[in-house]
There are 2 protein chains.
Amino acid sequence: MPKVVDHTERRRELAEAVWRVIARDGVAEISIRTVAAESGWSSGALRHYFATRDELLAFASELVIARATERIRRLDPPGSLREQVGAVLAQTMPLDAERHIESSIMFAFLALGLGDPALARVQRLHFSGMYDLCLHLARQLVPGGPEAVARRLHAVVDGLSVHVLAGHLSPEAAAAELDAYLDELAG
Amino acid sequence: MPKVVDHTERRRELAEAVWRVIARDGVAEISIRTVAAESGWSSGALRHYFATRDELLAFASELVIARATERIRRLDPPGSLREQVGAVLAQTMPLDAERHIESSIMFAFLALGLGDPALARVQRLHFSGMYDLCLHLARQLVPGGPEAVARRLHAVVDGLSVHVLAGHLSPEAAAAELDAYLDELAG
DNA sequence: CCGATTATCGCACGATCGTGTTATCAAGGA
DNA sequence: TCCTTGATAACACGATCGTGCGATAATCGG
């Protein structure tokens, strides 16, 4: 038997190189060669784990969503219910350096998805998951009819995220805005 | 004197070709050649009006924002104050086919701006303008302290727009959500 | 009608793109 | 130790990229 590597793990490693290229140089700089250079592997090796560029991008898009979803699912923040809700939602927004990179990547893929049905499908799953999270939080935070609250909360969170990514709001301003909204909901 | 064309007008015509390529094929398909083909001119002619590709994209980005801003500024919808506010904001969201295309273009440029400081600067002006519009509407709609209302309204509008663009919400659902929020503000 | 000037085209250049193909390397069972 | 087989590198191919450049067409003052 020859040398065998864990394909799943290697694909993750290569997807992370895609993320770093997007975060550093922008989504327009993605190519097989730039990702290969970023990962430290040859373009031929990259091809061994992804048949095409589109397959690489789809995997990188799915994985950044899965990672964020899993991270948020595992959260168990301390404090009151109101504080817990704020902490969970803060993890979905570009409020620190790491989350800013993550949001930029998701946002870049979202724009690619506007012209690529395969990517768009992945994106819709992400938004459904985030809505479900908002619905779960809304159920805990306010009594009765949580769907309307969840829809608006979802819009507020994503709107503020876009405003931070675009440089329109500072992370602090967005955090304050989210807190003010949650205070109104809870109070 | 030789033949002279209106450079400003020709640049607009070429920018509109950029928009059509983005709307039909996605932002990843923009190139000098695809835009030239879409516009019906040669790539050499295109170069006569834009020195570089980046200059073309920056102009197309600025123009789509300027066009939308001017269109909204000229709006004078009928009805009550509440109805007027709803009509103006609806024009900023992807709720019909034309606005959907316009929002897609802005969104695509926004993603490019994440990796291109020159484009990012244009985008910030757009968000400032949209915030000013929300501030103006908030002042009319609710008494006292309009800044907090404007910030949240701005986030709701852009959040709903993203959800429509991503296929997460139907245009009708987003319109209903906006209406519900405005009703709460006014009532 | 002519010359000056602008508009437009078409192509060439080097770079880079995605994707095959081929060869070499490495590792574990026979 | 050798052989099988997966891992990896290196390169070739055609296409397309942004851009520069020279030739031609079109236009109007003289």
_Just to verify, which of B/Gln140, B/His136, B/Arg139 counts as forming a side chain to side chain contact (heavy atoms under 4.5 Å, CB included) with B/Pro146?_
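For B/Pro146, the side chain to side chain contact (heavy atoms under 4.5 Å, CB included) check succeeds only for B/Arg139.
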*asked:* Tell me if a side-chain donor or acceptor on B/Ser104 pairs with a main-chain N or O of B/His100 at a distance below 3.5 Å.
replied: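 It does hold such a pair.
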*Look only at the side chain of B/Gln123 and the backbone of B/Ala120, and say whether a donor-acceptor pair between them is shorter than 3.5 Å.*
no
*Any side-chain heavy atom of B/Met93 sitting closer than 4.5 Å to one from B/Ser103?*
no
*pair B/Gln91-B/Glu102: side-chain heavy atoms closer than 4.5 Å*: no
_Candidate nucleotides D/dA12, D/dG6, C/dA12, ranked by approach to the side chain of A/Arg33 - the nearest_ =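 Ranking D/dA12, D/dG6, C/dA12 by closest atom to the A/Arg33 side chain puts D/dA12 first.
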*Listed in order of residue number, which residues of residues 5-32 of chain B have a non-hydrogen atom at under 4.0 Å from DNA chain C?*
B/Val5, B/His7, B/Arg10
*Please list, by residue number, the residues of residues 37-47 of chain B whose heavy atoms come closer than 4.0 Å to an atom of DNA chain C; answer none if no residue qualifies.*
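Contacts with DNA chain C under 4.0 Å: B/Trp41, B/Ser42, B/Ser43, B/Gly44, B/Ala45.
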_Run the side-chain contact (heavy atoms from CB on, under 4.5 Å) test on B/Val18 and B/Leu14 for me, step by step, so that the C-alpha distance in whole Å, both residues' side-chain angles and the decisive distance to 0.1 Å come before the verdict._
CA-CA 7 Å; B/Val18 174; B/Leu14 296 172; 6.0 Å; no
*Not counting sequence neighbours, which residues clear side chain to side chain donor-acceptor pair (under 3.5 Å) with B/Asp179? List them please.*
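Here the qualifying residues are B/Arg82.
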*Excluding sequence neighbours, so at least two apart, what forms side chain to side chain donor-acceptor pair (under 3.5 Å) with A/Glu98?*
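Partners of A/Glu98 under the side chain to side chain donor-acceptor pair (under 3.5 Å) test: none.
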*Interatomic spacing from NE2 in B/His154 to CZ in B/Arg151 - rounded to 0.5 Å*: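 It is 12.0 Å, given to the nearest 0.5 Å.
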*Taking only residues at least two apart or on different chains, which pairs with a member in residues 14-38 of chain A satisfy side chain to side chain donor-acceptor pair (under 3.5 Å)?*
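Every side chain to side chain donor-acceptor pair (under 3.5 Å) pair that includes a residue of residues 14-38 of chain A, provided the two are not neighbours, is A/Glu16-A/Arg67, A/Arg20-A/Glu38, A/Arg24-A/Glu38, A/Ser31-A/Thr34.
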*asked:* How many whole angstroms separate atom NZ of B/Lys3 from atom P of C/dT6?
replied: 13 Å
*With a 4.0 Å heavy-atom cut-off, tell me which residues in residues 48-56 of chain B come close to DNA chain D, sorted by residue number.*
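Within this stretch, B/Thr52, B/Arg53 sit under 4.0 Å of the strand.
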